[in-house]
Amino acid sequence: MTAPVAAAPDDAAVIRQSIADPDRFTELYDRHAPAIHRYAARRLGSDAADDLMAETFLIAFRKRRRYDPARADARPWLYGIATRLIARHRRAELDRYRLAERIGGQAAPPVPAPDPHTLHPSLARALAELPKTHRDALLLVAWAELSYEEVAAALDVPVGTVRSRLSRARARLRTELTMEESWTN
């Protein structure tokens with residue numbers, strides 16, 4: 001008879017244990033760094049993603065004593081830190097979207113499909129024109145694949161606020177892209 005395999009501790013337990021044993025925090029890093037890196041790369045490009053991911057975990061490590069142990073999953077907390085760091089890079093992000101629009105999508109941040117290294121110029125412009133709060137909510141759902149509840153935790157806003165931001169962002173993108181399509185036809 002084989003012994004049952006012990007389940008890995010949840011993120012809250014790892015964070016709690018890392019207060020006494022800082023090396024335990026690497027477990028949290030190992031679990032979530034690839035996803036945070038992908039999100040950062042999509043938002044800011046691969047060059048900035050390494051630094052932003054490292055800074056996200058450095059901040060998380062420094063603030064681990066303040067982590068809410070009632071939250072077993074640290075992903076929303078980490079995405080919240082990453083999103084705030086991305087806000088610092090907002091000007092560069094907007095410049096990248098505007099550049100992508102001007103040169104036809106050649107230098108846009110990666111997106112999942114169809115080509116992971118281009119962003120259609122119309123979409124780039126429409127994203128750049130969204131209010132930051134709407135863009136953050138939309139990209140946390142679309143690129144980080146967080147639930148509305150996780151986005152609310154990441155951005156420290158009520159779920160209803162996330163829903164309204166997403167609704168407005170989608171409506172604005174739909175309008176912008178429909179107008180763009182009608183002008184080109």
Side-chain angles (χ1 to χ4, degrees), residues 8-97 99-100 107-113 116-117 119 124 127-128 130-159 161-162 165-166 169:
D10 65 27
D11 293 342
V14 170
I15 292 169
R16 191 173 45 253
Q17 294 164 3
S18 76
I19 293 170
D21 180 6
D23 288 341
R24 288 298 310 256
F25 200 81
T26 59
E27 189 174 334
L28 190 73
Y29 178 89
D30 291 343
R31 285 181 191 174
H32 301 296
I36 296 294
H37 187 275
R38 279 190 303 276
Y39 177 68
R42 289 175 175 171
R43 293 291 306 266
L44 299 175
S46 58
D47 293 341
D50 291 338
D51 291 339
L52 190 121
M53 180 197 59
E55 192 172 354
T56 297
F57 282 92
L58 179 62
I59 290 169
F61 181 79
R62 289 180 180 157
K63 294 184 174 189
R64 70 190 189 280
R65 291 180 189 277
R66 290 187 257 162
Y67 183 76
D68 179 0
R71 295 182 177 185
D73 183 4
R75 283 181 337 126
W77 179 58
L78 294 168
Y79 277 110
I81 293 169
T83 299
R84 284 186 288 284
L85 290 172
I86 288 167
R88 292 183 189 167
H89 293 88
R90 183 171 183 243
R91 184 174 310 278
E93 179 185 28
L94 290 174
D95 290 345
R96 286 180 58 80
Y97 289 140
L99 177 62
V111 293
H117 298 291
L119 188 63
L127 285 171
L130 283 177
K132 176 199 164 313
T133 56
H134 294 67
R135 185 174 49 251
D136 287 344
L138 180 70
L139 296 179
L140 282 168
V141 168
W143 288 350
E145 299 178 1
L146 295 183
S147 69
Y148 289 10
E149 291 77 13
E150 290 170 324
V151 172
L155 300 177
D156 197 26
V157 297
V159 173
T161 301
V162 170
R165 287 178 183 175
L166 287 171

Could you check whether any side-chain heavy atom of L78 comes within less than 4.5 Å of a side-chain heavy atom of F57, counting everything from C-beta outward? yes
R71, CZ atom: more than 12 neighbouring heavy atoms under 6.0 Å: no
Using the ring pair (Phe, Tyr, Trp, His ring centres under 6.0 Å) criterion, which residues pair with Y148? Sequence neighbours excluded. none
Can you list the residues that meet the side chain to side chain donor-acceptor pair (under 3.5 Å) rule with D156, with sequence neighbours excluded? none
With a 4.5 Å heavy-atom cut-off, do R43 and D136 have their side chains touching? yes
L85 side, atom CG; T56 side, atom OG1 - distance, nearest 0.5 Å: 4.5 Å
Mind checking salt bridge (Lys or Arg N to Asp or Glu O under 4.0 Å) for R84 and listing every partner two or more places apart, or none if nothing turns up? none
Which atom names give the shortest non-hydrogen contact between A12 and P69, and what distance separates them? CB-O, 3.5 Å
Is there a donor-acceptor pair closer than 3.5 Å between any side-chain N or O of T83 and the backbone N or O of G80? no
Y67 six-ring face occupied by R64 cation (under 6.0 Å, within 45°): no
A169: partners by side-chain contact (heavy atoms from CB on, under 4.5 Å), with sequence neighbours left out: L130, H134, L138
When rounded to the nearest 0.5 angstrom, what distance separates OH in Y79 from CG in L146? 5.5 Å
By side chain to side chain donor-acceptor pair (under 3.5 Å), H32 pairs with (sequence neighbours left out) D11
Would you check, one step at a time, whether the test side chain to side chain contact (heavy atoms under 4.5 Å, CB included) holds for Y29 with M53? CA-CA 10 Å; Y29 178 89; M53 180 197 59; 3.3 Å; yes
State which residues pass side-chain contact (heavy atoms from CB on, under 4.5 Å) with A13; sequence neighbours excluded, sorted by chain then number. P9, D10, R16, Q17
Can you name the closest pair of heavy atoms from V151 and A137 and give their distance? CG1-CA, 4.1 Å
Got a sec, which residues hit side-chain contact (heavy atoms from CB on, under 4.5 Å) with T133, two or more places apart in sequence or on another chain? P131, R165
Which heavy atom in P76 sits nearest to a heavy atom in A153, and how many Å separate them? CB-CB, 3.6 Å
Sequence neighbours left out, what passes side-chain contact (heavy atoms from CB on, under 4.5 Å) with D21? Give chain and number order. D23, R24
If every non-hydrogen atom of Y39 is compared with every non-hydrogen atom of L139, which pair is closest and at what distance? CE1-O, 3.6 Å
What distance do D47 atom CG and L52 atom CG have between them, rounded to the nearest 0.5 Å? 12.5 Å
Considering non-hydrogen atoms only, spot the tightest contact between L44 and A48 and give its length. CB-CB, 3.9 Å
Roughly how far, to the nearest 0.5 Å, is the CZ atom of R38 from the CZ atom of R42? 7.0 Å
Can you sort out the partners of E55 under salt bridge (Lys or Arg N to Asp or Glu O under 4.0 Å), two or more places apart, ordered by chain and number? R88
Once salt bridge (Lys or Arg N to Asp or Glu O under 4.0 Å) is applied, do any residues pair with D73, and if so which ones, sequence neighbours excluded? R75
Validation row: F61, L28 side chains within 4.5 angstrom (heavy atoms): no
